[in-house]
Engineer: 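Let me begin by handing over the structure; questions about it come next.
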Amino acid sequence: MDIKSVLDDRVIRSDLFAVNKEDALEKMTEMLQKAGYVDDAVGFIADVMQRENLGCTGIGNYVAIPHGKSPSVSKVGIAIAKLQNEIEWETNDGRGVRVIFLFAVGTDNENAMQHLKLLAQVAGKLGNDEVVEKLLNAGSVEEIKTIFE
């Protein structure tokens with residue numbers, strides 16, 4: 001499985017408005033639920049927040065990669081949101097967040113392996129400052145998808 005295989009227009013937003021981390025995660029989880037990736041939004045958010053409490057998922061450069069294994073996930077996916085505004089988030093560089101990659105991953109071993117592969121691919125891309133700059137300037141879902149194709 002590679003990142004191109006999980007890019008889904010239904011769970012990518014180029015203009016999401018959120019007032020804080022919780023609001024962003026709720027809106028992104030709603031997208032995942034409507035698209036059939038998550039069965040129980042409340043349970044999924046609880047699992048993601050449990051992971052958030054363990055350590056920083058804000059990787060710097062205005063990007064966060066929240067995730068959490070959850071039995072509420074029916075299929076592996078990644079919701080991507082470029083925010084209209086910067087929000088507070090615990091990050092490695094002390095800045096807020098403007099782009100979020102929310103991983104939806106089940107609890108079985110196969111899901112765990114897929115999660116690690118996808119996380120490595122996303123992190124590898126985001127290690128390139130040019131890629132991050134393109135994400136921060138993306139004005140459409142198509143522009144966001146093109147960065148990962």
Side-chain angles (χ1 to χ4, degrees), residues 3-107 111 114-115 118-149:
I3 188 151
K4 288 182 264 184
S5 68
V6 295
L7 293 176
D8 181 343
D9 290 5
R10 299 172 300 165
V11 295
I12 301 172
R13 291 281 306 272
S14 62
D15 63 348
L16 186 71
F17 176 79
V19 295
N20 56 33
K21 178 197 290 193
E22 292 77 15
D23 186 38
L25 292 174
E26 286 174 13
K27 289 175 178 176
M28 294 176 76
T29 297
E30 183 179 317
M31 294 185 323
L32 287 165
Q33 186 175 32
K34 284 182 180 176
Y37 291 89
V38 172
D39 297 326
D40 172 19
V42 173
F44 177 69
I45 290 172
D47 292 331
V48 170
M49 291 307 293
Q50 181 178 12
R51 168 58 187 88
E52 284 292 305
N53 291 331
L54 295 176
C56 176
T57 59
I59 62 170
N61 277 344
Y62 304 104
V63 178
I65 307 177
H67 55 283
K69 295 176 189 159
S70 176
S72 302
V73 172
S74 50
K75 80 178 180 182
V76 174
I78 304 172
I80 304 171
K82 179 187 162 234
L83 303 176
Q84 292 179 10
N85 52 304
E86 184 178 322
I87 60 172
E88 283 189 38
W89 200 290
E90 301 78 21
T91 61
N92 290 333
D93 62 5
R95 298 184 201 167
V97 164
R98 291 186 45 220
V99 180
I100 303 168
F101 292 79
L102 176 57
F103 282 74
V105 182
T107 54
N111 272 288
Q114 297 305 330
H115 168 245
L118 290 170
L119 189 59
Q121 289 175 42
V122 170
K125 282 278 194 183
L126 296 174
N128 181 325
D129 288 340
E130 286 182 30
V131 169
V132 174
E133 192 63 31
K134 286 179 184 178
L135 275 171
L136 293 171
N137 292 316
S140 69
V141 170
E142 279 306 313
E143 285 181 57
I144 292 170
K145 285 176 58 179
T146 300
I147 294 167
F148 293 96
E149 294 179 339

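Quick note: residue numbers are just sequence positions, from 1.
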Engineer: Just how far is it from atom NZ of Lys82 to atom CD1 of Ile100, taken to the nearest 0.5 Å?
Structural biologist: 12.5 Å
Engineer: Can you name the residues that form a salt bridge (charged side-chain N to carboxylate O under 4.0 Å, His left out) with Glu30, not counting sequence neighbours?
Structural biologist: Lys34
Engineer: Which residues pass the salt bridge (charged side-chain N to carboxylate O under 4.0 Å, His left out) test with Asp15, sequence neighbours left out?
Structural biologist: Arg13
Engineer: Considering non-hydrogen atoms only, spot the tightest contact between Val132 and Leu126 and give its length.
Structural biologist: CG2-O, 3.4 Å
Engineer: With Gln50, which residues qualify under side chain to side chain contact (heavy atoms under 4.5 Å, CB included), at least two apart?
Structural biologist: Asp47
Engineer: Tell me, please, which residues at least two apart from Arg51 pass salt bridge (charged side-chain N to carboxylate O under 4.0 Å, His left out).
Structural biologist: none
Engineer: Can you name the residues that form a side chain to side chain donor-acceptor pair (under 3.5 Å) with Arg98, not counting sequence neighbours?
Structural biologist: none
Engineer: Identify the two heavy atoms, one from Val97 and one from Ala64, that lie closest to each other, and give their separation to 0.1 Å.
Structural biologist: CG2-CB, 3.8 Å
Engineer: Among all residues two or more places apart in sequence or in another chain, which pass the ring pair (Phe, Tyr, Trp, His ring centres under 6.0 Å) test with Tyr62?
Structural biologist: none
Engineer: Drop me the distance from Ile144's CD1 to Ile12's CD1, to the nearest 0.5 angstrom.
Structural biologist: 6.5 Å
Engineer: On a heavy-atom basis, which atom in Ala18 and which in Ile87 lie closest, and how many Å separate them?
Structural biologist: O-CG2, 3.2 Å
Engineer: List in chain and number order the residues that pass side chain to side chain contact (heavy atoms under 4.5 Å, CB included) with Lys21, two or more places apart in sequence or in another chain; answer none if no residue qualifies.
Structural biologist: Leu25, Met49, Glu52, Trp89, Glu90
Engineer: I'd like to know if the side chain of Lys134 reaches the main chain of Ile147, judged simply by a donor and an acceptor atom lying under 3.5 Å from each other, with no hydrogens or angles considered.
Structural biologist: no
Engineer: Can you confirm whether Ile80 sits close enough to Leu7 that some side-chain heavy atom of one is under 4.5 Å from a side-chain heavy atom of the other?
Structural biologist: yes
Engineer: Taking only residues two or more places apart in sequence, or in another chain, which ones meet Glu26 in a salt bridge (charged side-chain N to carboxylate O under 4.0 Å, His left out)?
Structural biologist: none
Engineer: Would you indicate whether Gln84, at its atom CD, is surrounded by more than 12 heavy atoms from other residues, nucleotides or ligands within a distance under 6.0 Å?
Structural biologist: yes
Engineer: Go through the structure and list residues passing side chain to side chain contact (heavy atoms under 4.5 Å, CB included) with Ser74, not counting sequence neighbours.
Structural biologist: Asp39
Engineer: Give the intermediate values and the outcome of side-chain contact (heavy atoms from CB on, under 4.5 Å) for residues Val11 and Ile78.
Structural biologist: CA-CA 7 Å; Val11 295; Ile78 304 172; over 6 Å; no
Engineer: For Phe17 and Asp23, work out which heavy atoms get closest and say how close.
Structural biologist: O-OD2, 4.0 Å
Engineer: Quick one: side chain to side chain contact (heavy atoms under 4.5 Å, CB included) partners of Ala123, sequence neighbours excluded?
Structural biologist: none
Engineer: State the CG-OG distance between Leu135 and Ser14, to the nearest 0.5 angstrom.
Structural biologist: 11.5 Å
Engineer: Show the nearest heavy-atom pair for residues Met28 and Ala79, with the distance to one decimal.
Structural biologist: CE-O, 3.3 Å
Engineer: Say you draw a straight line from CG of Asp8 to NZ of Lys145; how long is it, rounded to the nearest 0.5 Å?
Structural biologist: 8.0 Å
Engineer: Calculate, to the nearest 0.5 Å, the distance between atoms CG and OH belonging to Leu102 and Tyr37 respectively.
Structural biologist: 12.0 Å
Engineer: Got a sec, which residues hit ring pair (Phe, Tyr, Trp, His ring centres under 6.0 Å) with Phe44, two or more places apart in sequence or on another chain?
Structural biologist: none
Engineer: Between His67 and Thr57, what is the shortest heavy-atom contact and its length?
Structural biologist: CE1-CG2, 4.2 Å
Engineer: Filter on side-chain hydrogen bond (donor to acceptor under 3.5 Å, both in side chains), then keep only pairs touching residues 123-133, sequence neighbours left out; what's left?
Structural biologist: Asn61-Asp129, Glu133-Asn137
